[in-house]
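Here the structure comes first, spelled out in structure tokens, and everything after it is commentary.
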Amino acid sequence: LSDSTPLHRDNFLKLVKKKFYDSILFHRVMQNFMIQAGDPNSKTAKAGQGLGNGGPGYTIPAEFRTTLFHRKGVVAAARSPDNVNPKKESNGSQFYIVQGKTFTDAGLDSTEKFRLNGRKIPEQNREVYKTIGGTPHLDQGYTVFGELINGMDVVNQIAAVQTSKQSPDKDRPLQDVKIILVKLV
């Protein structure tokens, strides 16, 4: 977890200590993009039930840092869309882990033009997106607050599961993928 995003770091640690994430599902899984968890409603969700609106009842102010970007393996906070959340505050519990994909220069140029409204991706970040991969269109729009040290193989396995293709549970795994236990190490 990053010391550069203390509000998100401390909140995540608080929830882990309270065992908030134990038995939570990965409720949104999109291969070559990300896997998302943290909706407390998922603990008791029936098959086919739409998820993604639950949380602890509070948000966290955005903590965007140019040094923290959406490269493969980062942990970031989910949030409501801009039209209802102009301050881009994070959901108090939902997070995602970036799987992403690798990009070419042309792909990054297109992302800058069409997804980032002309905002340039720093050159050092471009190199990471071309070699390691990630999701550059999320940079400076969602707070990155951690990264995987190991376990990307597990992220890849989760990202590869079959998911629902229609509402109300679009992108939810057809077979539950559960976080059994989270603990501080």
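- Among pairs with a residue in residues 17-42, none fulfils salt bridge (charged side-chain N to carboxylate O under 4.0 Å, His left out), at least two apart in sequence or across chains.
- Placement of Val29 and Leu25 in two distinct hydrophobic clusters is found when ILVMFWY residues are connected by side-chain heavy-atom separations under 4.5 Å, directly or transitively.
- Residues passing the salt bridge (charged side-chain N to carboxylate O under 4.0 Å, His left out) test with Arg119, sequence neighbours excluded: none.
- The salt bridge (charged side-chain N to carboxylate O under 4.0 Å, His left out) test applied to Arg79 returns Asp82, not counting sequence neighbours.
- Scored by the side-chain contact (heavy atoms from CB on, under 4.5 Å) test, Pro168 finds no partners at all (sequence neighbours excluded).
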With a cut-off of 3.5 Å and sequence neighbours excluded, list every side-chain donor-acceptor pair involving residues 127-136.
from   : atom 1 : to     : atom 2 : distance (Å)
Glu127 : OE2    : Lys130 : NZ     : 3.0
Tyr129 : OH     : His70  : N      : 3.1
Tyr129 : OH     : Asp139 : OD1    : 3.0
Tyr129 : OH     : Asp139 : OD2    : 2.7
Lys130 : NZ     : Asp105 : OD1    : 3.1
Lys130 : NZ     : Asp105 : OD2    : 3.2
Thr131 : OG1    : Glu127 : O      : 2.8

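- Sequence neighbours left out, not one pair with a member in residues 154-184 passes ring-ring contact (aromatic ring centres under 6.0 Å, His included).
- The salt bridge (charged side-chain N to carboxylate O under 4.0 Å, His left out) analysis of residues 140-157, with sequence neighbours excluded, yields the pairs Arg71-Glu147.
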Without placing hydrogens or testing angles, list every side-chain donor-acceptor pair under 3.5 Å for residues 172-183, not counting sequence neighbours.
from   : atom 1 : to     : atom 2 : distance (Å)
Arg172 : NH1    : Lys46  : O      : 2.9
Arg172 : NH1    : Gln49  : O      : 2.8
Arg172 : NH2    : Asp176 : OD1    : 3.2

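- With sequence neighbours excluded, the residues that form a salt bridge (charged side-chain N to carboxylate O under 4.0 Å, His left out) with Asp109 are Arg126.
- When hydrophobic side chains of Ile, Leu, Val, Met, Phe, Trp and Tyr are connected at separations under 4.5 Å, Leu68 ends up clustered with Met30, Phe33, Met34, Val74, Tyr96, Val98, Leu138, Tyr142, Val144.
- Partners of Pro86 under the side-chain contact (heavy atoms from CB on, under 4.5 Å) rule, at least two apart in sequence or in another chain, do not exist in this structure.
- Among residues at least two apart or in separate chains, ring-ring contact (aromatic ring centres under 6.0 Å, His included) pairs with a member in residues 143-168 are His8-Phe145, Phe12-Phe145.
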